[in-house]
Amino acid sequence: TDNPIKINHAVAVSVVYFIVALLAGRVTTNFQIAFAIFCTYWMWCLFWIQLLIMSENIYSVKVMTRVLPDWAGVSLPAEKESIKIRKDKVVTSISELSGIRGGYMMIALRAMSAITSALTFCAIQSDLHYRGTTFLNIKSGEDLVPIFMYIAAIGKYMTGHFELNLMDKVHTMGHYIGVTGISAGTLMVGFCLKWNTLSKVLLTGYFGSFFIWMYYLGTCA
């Protein structure tokens, strides 16, 4: 599989995310957004340069897709050799549905996770500017909010970057690391609302539903 490339890309993105977070509160919003766009664009260019250097040949490859008549109305690879259908097992999550390579849902998850991560960093910048502080300058519970937002943003990226295909250990582990980051990031609600009743209800509902769902997954064949 392409695990080495995906792991290298994940490390590079995580480093850029940390730099962008450190800039929050120290530079203007326009500069931070421009820097993030610059890094995103040039990382994409360097990725293509790496492919050109490392690849023996780059010739045209087309993957035909189709929609199964008795399944969800999203595209899948058409080659029978590349599809493993198990009608005796239900899809247990959106992540599993989005973990099918060549399917539309994988693209949708990656686009959604990237957009929400970018908006989260904008929220971190706005919060730090409004309170006149910087990232990792912890003096109160409020200063932990952007840190947990950052953890959630990393988690969203990891969730979209590593698909839950349940066949490759690296991808499955990377995806669950992302889910753990998103779950840990929800603690921002408690620090933001100063652990009032509403925050406790929201977090109890989230983690309660999460553990019930994990128990349910453990019972599925």
Side-chain angles (χ1 to χ4, degrees), residues 2-51 95 98 106-107 109-164 168-193 203 206-207 210:
D2 56 353
N3 286 346
I5 291 178
K6 296 195 74 171
I7 292 173
N8 290 338
H9 189 271
V11 172
V13 170
S14 298
V15 171
V16 171
Y17 273 20
F18 186 70
I19 294 174
V20 171
L22 285 179
L23 289 176
R26 294 181 170 87
V27 298
T28 64
T29 301
N30 288 341
F31 180 89
Q32 189 195 38
I33 293 176
F35 178 76
I37 293 174
F38 173 83
C39 291
T40 302
Y41 178 79
W42 280 106
M43 280 182 63
W44 181 248
C45 292
L46 291 175
F47 170 74
W48 276 104
I49 293 173
Q50 181 184 18
L51 285 183
S95 294
S98 304
M106 175 177 287
I107 301 173
L109 176 63
R110 288 180 176 172
M112 183 272 292
S113 60
I115 292 172
T116 53
S117 294
L119 293 176
T120 300
F121 276 103
C122 289
I124 292 174
Q125 173 81 339
S126 298
D127 173 66
L128 294 176
H129 263 291
Y130 177 77
R131 295 189 296 110
T133 185
T134 55
F135 191 70
L136 296 180
N137 184 19
I138 303 173
K139 295 180 180 179
S140 66
E142 292 181 346
D143 296 322
L144 292 173
V145 175
I147 295 177
F148 281 103
M149 291 175 70
Y150 166 78
I151 294 173
I154 291 291
K156 293 170 185 176
Y157 164 75
M158 294 287 287
T159 301
H161 186 64
F162 293 101
E163 63 264 19
L164 184 63
D168 186 288
K169 291 183 178 180
V170 172
H171 283 81
T172 301
M173 181 178 66
H175 186 86
Y176 279 124
I177 290 175
V179 173
T180 302
I182 294 174
S183 298
T186 59
L187 295 177
M188 75 177 89
V189 176
F191 290 104
C192 182
L193 299 180
L203 290 174
Y206 172 79
F207 284 103
F210 178 79

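When reading the values below, keep in mind they use all heavy atoms of this one structure, side chains included, and skip hydrogens, waters and symmetry mates.
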Enquirer: Should the pair H161 and H9 be assigned to parallel (<30°), tilted (30 to 60°) or perpendicular (>60°) ring geometry?
Expert: parallel
Enquirer: Within the distance-only criterion (no hydrogens, no angle test), does the side chain of S117 pair as donor or acceptor with the backbone N or O of A153 below 3.5 angstrom?
Expert: yes
Enquirer: In Å and rounded to the nearest 0.5 Å, what is the NE2 to OH distance from H171 to Y176?
Expert: 14.5 Å
Enquirer: Tell me if a side-chain donor or acceptor on D127 pairs with a main-chain N or O of A123 at a distance below 3.5 Å.
Expert: no
Enquirer: Do you see a donor-acceptor pair shorter than 3.5 Å between the side chains of H175 and S95?
Expert: yes
Enquirer: Give, for atom CG of L144 and atom CD1 of I151, the distance between the pair rounded to the nearest 0.5 Å.
Expert: 9.0 Å
Enquirer: Tell me if a side-chain donor or acceptor on Q32 pairs with a main-chain N or O of V20 at a distance below 3.5 Å.
Expert: yes
Enquirer: What closest approach, in Å, do F162 and K6 show between heavy atoms, and which atom pair accounts for it?
Expert: CZ-O, 4.1 Å
Enquirer: Of all the heavy-atom pairs spanning I182 and G155, show the shortest one and how long it is.
Expert: CG1-C, 3.7 Å
Enquirer: For the side chain of D143 and the backbone of S140, is there at least one donor-acceptor N/O pair under 3.5 Å apart?
Expert: yes
Enquirer: At what distance, to the nearest 0.5 angstrom, does NZ of K156 lie from CD1 of I115?
Expert: 12.0 Å
Enquirer: From F47 CZ over to I5 CD1, what is the distance, rounded to the nearest 0.5 angstrom?
Expert: 5.5 Å
Enquirer: Is the ring centre of Y41 less than 6.0 Å from the ring centre of W44?
Expert: no
Enquirer: Are the side chains of I19 and F35 in contact, using a 4.5 Å heavy-atom criterion?
Expert: yes
Enquirer: Looking only at heavy atoms, what is the nearest atom pair of G178 and T159, with distance?
Expert: C-OG1, 3.2 Å
Enquirer: Kindly say whether A24 contributes a backbone atom to a donor-acceptor pair with the side chain of H129 at under 3.5 angstrom?
Expert: no
Enquirer: So, for V16 and C39, which heavy atoms are closest and what is the spacing to 0.1 Å?
Expert: CG1-CB, 3.7 Å
Enquirer: Which atom pair, heavy atoms only, marks the closest approach of G160 to S113?
Expert: CA-OG, 3.6 Å
Enquirer: Measure the shortest side-chain to side-chain distance between S98 and M112 over non-hydrogen atoms and say whether it is less than 4.5 angstrom.
Expert: no
Enquirer: Does the side chain of I147 come within less than 4.5 Å of I138's, by heavy atoms?
Expert: yes
Enquirer: Does the E142 side chain pair with the main chain of F191, one donor and one acceptor, at a distance under 3.5 Å?
Expert: no
Enquirer: Can you tell me if CZ on F38 sees more than 12 non-hydrogen neighbours from other groups inside 6.0 Å?
Expert: no
Enquirer: Testing the basics here: between S183 and Y206, what is the closest heavy-atom pair and its distance to 0.1 Å?
Expert: OG-OH, 2.7 Å
Enquirer: Quick one: OG1 on T116 to CZ on F121, what's the gap to the nearest 0.5 Å?
Expert: 11.0 Å
Enquirer: Within this structure, what is the OH-CD1 distance for the pair Y150 and I124, rounded to the nearest 0.5 Å?
Expert: 9.0 Å
